[in-house]
Amino acid sequence: MLIALHAGTITLLIQLYSFFTTMACTKAFSTIPRSLHPSTIAAAQFAVPTIANTIFSRQDRPRGLNTFAVRRRVLGHRRISPTIRLCSTAKTVQDEFLKEQKQVVITYITDLEGDKQYLQRYVNVSKVLQFSPSSSESTTEFPYDECIDFTEDNAMLVFGGDLWDKGGFDLYVARQLLDLKRRYPNRVFFVCGNRDINKLRILQEMGWEQRNNGKIPDHPGIMWFQGTGRVGDPEGPLPSLDPVERLKWILGNTMGSPDAFELRKKELEWEREQQIDDSTHAVTDFDVVQSYRRSCHPNGEMGQFLANSHLALSIGPLLVLHGALPLTEEYMTPHHNSSDSSVWDDLTFCMPWIQPGESAAKDYGVKSIEDWLDALNTFCHDRIQEWNQEIQRLESTAGEEPRIWSHKGGYDYGPSYARIIQYGMGMTPDRRKNPTVVYNSFTPHGMPHAFDPEAENIAMAQCTREFFDRTNVELILTGHKPQGDMPSPIRVDSSSWVLCCDTSYSGETIWIPNENEEEEHRSNIGRGESLSFRGEHAVSEVLVTISVDDETQNASQLESVVYHGVLSDGREYETVNLLDHKHNSTIGQIAPDAAVPSISDSPHQGRWWTKSIFSNGSSLFHAGEGFLVWNYVSKQED
C-alpha cells in the first residue's frame, strides 16, 4: 500500500529534480527530462536519497533484502547508478582534509581486479579500515549489508588501478570503493590502470541499450591483429555480430581477460541468490552483455570510477602511478652520460598525445615535472568528460555508428576521447614503446630495476634519479606488474624509494628452502578455491605516514612506510619502517651473495633482491622471472 501511495510522487520528484539539476549544474547530462534516461534515474539519487528507505526500515525489511532492491522497485527501473562527478582537483580536495590534520596515514591497495575475497581480507587485516553495517540512509546503489569504513580520523585510502577482470566480483569491488568515495570524498582517491581505461572500448564495440535498440555495431577488426588471420584481423575473419560472441571475443582476445565473461555471469547469479537482483529468470549470456553495457556506461560503475580517477596522484612527498615513470630507451639514450642535458628538460616526450611539432613548454606551458603531472590529470579528466558527452550525443542521434578506435589505434584516430585509450597501451601502432605512466614498469622482466653502480640499465638509473632530484617526491607507489606475495621496494638513493605493490599472483609464489634455518620449510598454501591467482590467504597492506606542516597545512614529510599482512605460506608478517636507517641498509637492492643461494643453485640462475626485513630480524629475499616469483628467508646476519 505504501509503495503504491508514493509511486506517483517519486516519479514527479525524479523528473523535476533531474530537469533542473541537469540544466543548472552540469553539461555531462542530457537536458531532456526523460524518466527512463539513465542520467535522470541517477540524478534522482540526490533528489530523493531516503524515500525508498522510509518504506522499509533496516529492522523491518525482509531478511536478505537490502534497501537497494526496494528502491529499484519503487523507481521502476532495473538499475540505479549513483553518479559521482569530479567537482574539484585532487589537491583542492586533499587540502580540505589535510588542514585539519597533523599527520595522515594512507592505506594503499592496487590491482584488485574484481577480487572480493582479497578486498575483504585486506579490510579485515587493515590497521585503519573496517567493515561496518550499511547505513539505511545510504544514497548510493549499494546492495550489500556491510560497507568499508575508516577506523581512524586521519586515515586516507588510495586505490592504484586495475579494478576489474579476474577476481569474479567486479561489481562488488567497484561499488564498495565508490561507496567509500561518496562518503569520504576528500579521503579516498583513485588512480586508473590499463584494465580500467580499456573499458572505454566496450560501448564503442558493443553498442548499448539506449541506442538503436541495442543493435551491435559492425566491427572492422583491430590493428594489432593485422595479418594474423585471427578473428578480428581487418583482412578477415571479422568479429561476430552476435553480442554474446562479440563480448567474449573482446574480453578474452583483446583485453587479456579470458574468464571475465563467465565470472560476471556467476556474479550476477550470486546477486540473484542473495536477492540483490529481484529478477526471477535464470541469468542468461545476454544478461552478461547488458551488465557490461550498463556498468561501462558513464553512469555505470566503471564510468563513475573513471570519472573520479587520476593518472598521477600527488600527496606531498608521495606520488602514486599505476605503472612507472614514462621512460623509454628512445628518449633516455640521447641524454645518457650527458652532463649538459636531462630527459626532463623538455617534457614533450612524456605528453605523447600532443601533435607532432608541438612543444610541451611553448604550446602547453608545461615547464616543470609538477606542470607535467597536472597536465596528465587534465588530459585524463578532459578525455573522460569527452567520452561522457560523446555517449550522450550518440544516444540522441539515430543511425550514426561510433568510430571504433581499435581498428587503427594511435593518438589521432577515432573520437577525441580515444587518445586516453592509446595512452593506456604498452605500444603504439608502429610498435614503439609508449611513454606512459600506465603501462611502464619498474620491474619489466620480473626483477626490479637496480640503481647501484652495477645496474644493468644505467640510463634508467640516471633518469630516475634526476626525476627525484627535480621534485619533492620521496616515494613512488605503483602496481601493474605482479611482485609475488608482498610488495617490492626499490632504493633509488638514501632518501628516494619506489614501492611496487601488485600482489595479484601471490598464490603462485614459490618458496626456496633454507637448509641453514632450523624452522620447518615454508611452502605456498596454494590458490585453493580462489577465483584469482592471489589464493585464499596472502594479503598485504601498505601504510604510508606523512606529517602535515603546521604553517602551510600541506603534506610535507614522510614519517614511515611499512607493510604487513599474511604471506602465501599463511604466516603473518610485519616489516620494519622502510625509512629506518638503522635497518634499511640492504633493503631494496641486490642481495648480498652470502645471504642467498648462489646463482648456480638458484632456480632462475640469477641474482636475488632484498625485499624486506621483518620485525623479528629475518630478511625476505626474492627473485623474479616473468610472472614467476621465488621467496627465500634467512637471518640478516647470514
Side-chain angles (χ1 to χ4, degrees), residues 110-111 113 160-166 191-205 219-228 230 232-234 239 249-258 260 296 302 305-306 309-312 321-331 348-356 375-377 379-384 386-387 402-445 478-482 502:
T110 188
D111 295 86
E113 297 179 1
D162 277 7
L163 187 64
W164 282 3
D165 284 350
K166 295 186 177 182
V191 171
C192 51
N194 52 293
R195 290 187 176 276
D196 312 313
I197 294 171
N198 67 18
K199 300 306 180 293
L200 294 172
R201 291 175 44 210
I202 292 293
L203 295 187
Q204 266 192 16
E205 301 183 27
H219 200 303
I222 58 179
M223 52 92 181
W224 58 91
F225 282 4
Q226 182 80 43
T228 64
R230 299 172 58 181
D233 184 338
W249 172 79
I250 291 172
L251 295 172
N253 292 274
T254 78
M255 292 185 177
S257 308
C296 293
M302 181 56 75
F305 174 81
L306 289 168
S309 293
H310 309 272
L311 286 172
L321 307 172
H322 180 66
L325 297 177
L327 298 171
T328 67
E329 295 293 337
E330 176 183 356
Y331 298 107
T348 303
F349 84 94
C350 52
M351 296 173 62
W353 60 85
I354 67 178
Q355 293 298 311
L376 273 180
N377 289 325
F379 169 73
C380 176
H381 300 156
D382 287 353
R383 301 295 80 72
I384 300 304
E386 288 171 354
W387 172 63
R403 280 196 296 169
I404 293 178
W405 168 85
S406 60
H407 178 51
K408 292 186 177 180
Y411 287 101
D412 299 319
Y413 183 75
S416 60
Y417 71 82
R419 286 180 289 170
I420 196 172
I421 306 179
Q422 177 60 65
Y423 191 77
M425 301 285 288
M427 305 294 287
T428 58
D430 57 3
R431 306 308 299 167
R432 296 161 62 192
K433 190 172 182 181
N434 198 15
T436 168
V437 299
V438 177
Y439 216 90
N440 268 14
S441 173
F442 286 105
T443 61
H445 306 296
T478 76
H480 184 52
K481 281 295 183 74
D502 178 359

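The chain is numbered in sequence order, starting from 1. Any value given below was found using the heavy atoms of this structure, including those in side chains, with hydrogens, waters and symmetry copies removed.
- Note that NE2 of H322 is 10.0 Å distant from NZ of K481, once rounded to the nearest 0.5 Å.
- Note that CG of D162 and CG of D502 are 7.5 Å apart. Values are rounded to the nearest 0.5 Å.
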field: Test side chain to side chain contact (heavy atoms under 4.5 Å, CB included) applied to R230 and W249, step by step
entry: CA-CA 11 Å; R230 299 172 58 181; W249 172 79; over 6 Å; no
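- Residues passing the salt bridge (Lys or Arg N to Asp or Glu O under 4.0 Å) test with D165, sequence neighbours excluded: R195, K199.
- Between P326 and F349, the closest heavy-atom pair is O-CE1, 3.4 Å.
- Looking only at distances, no side-chain donor or acceptor of D111 sits under 3.5 Å from a matching main-chain atom of P482.
- Taken from CD1 in I420 to CH2 in W353, the straight-line distance is 9.0 Å, to the nearest 0.5 Å.
- Between the CD1 atom in I421 and the OH atom in Y413 there is a gap of 12.0 Å [rounded to 0.5 Å].
- For the residue pair D412/Q422, the side-chain donor-acceptor check at 3.5 Å is not satisfied.
- Under the 4.5 Å side-chain criterion, counting only non-hydrogen atoms from C-beta, W224 is in contact with T254.
- Judged by distance alone, the side chain of S257 and the main-chain N or O of M255 form a donor-acceptor pair under 3.5 Å.
- Judged by distance alone, the side chain of E205 and the main-chain N or O of I250 form no donor-acceptor pair under 3.5 Å.
- Considering all non-hydrogen atoms of both residues, I197 and G424 come closest at CD1-CA, 4.2 Å.
- The two atoms that bring S309 and C380 nearest to each other are O-SG, 3.9 Å, heavy atoms only.
- Here the side chains of I404 and P220 are in contact, with some heavy-atom distance below 4.5 Å.
- Rounded to the nearest 0.5 Å, atoms CG (D382) and CG (N377) are 10.5 Å apart.
- Taking 4.5 Å as the limit, some side-chain heavy atom of Y439 sits within range of a side-chain heavy atom of H480.
- Listed by first then second residue, pairs satisfying salt bridge (Lys or Arg N to Asp or Glu O under 4.0 Å) with a partner in residues 419-431 read D430-R432, not counting sequence neighbours.
- With contacts defined as side-chain heavy-atom distances shorter than 4.5 Å, the pair V438/L311 qualifies.
- Summarising the geometry of R403 relative to G414, their closest heavy-atom pair is NH2-O, 2.9 Å, with the distance given to 0.1 Å.
- Taking the six-membered ring for Trp and thresholds of 30 and 60 degrees, H310 and H381 have ring planes more than 60 degrees apart, a perpendicular arrangement.
- Here the side chains of L200 and I384 are in contact, with some heavy-atom distance below 4.5 Å.
- Side-chain atoms of F225 and P239, non-hydrogen and from C-beta on, never get closer than 4.5 Å to each other.
- Ring pair H219/H407: centre-to-centre distance not below 6.0 Å.
- Once rounded to the nearest 0.5 Å, the distance linking SG of C350 with CG of N440 reads 11.0 Å.
- Closest approach of P435 and T328 over heavy atoms only: CA-CG2, 4.0 Å.
- No donor-acceptor pair under 3.5 Å is formed between the side chain of D196 and the backbone N or O of G161.
- Looking only at distances, no side-chain donor or acceptor of D233 sits under 3.5 Å from a matching main-chain atom of G221.
- Judged by distance alone, with hydrogens and angles left aside, the side-chain atoms of Y423 form no donor-acceptor pair with the main-chain N or O of N434 at under 3.5 Å.
- Scanning all heavy atoms of the two residues, the minimum distance from C296 to W164 falls at SG-CZ3, 3.7 Å.
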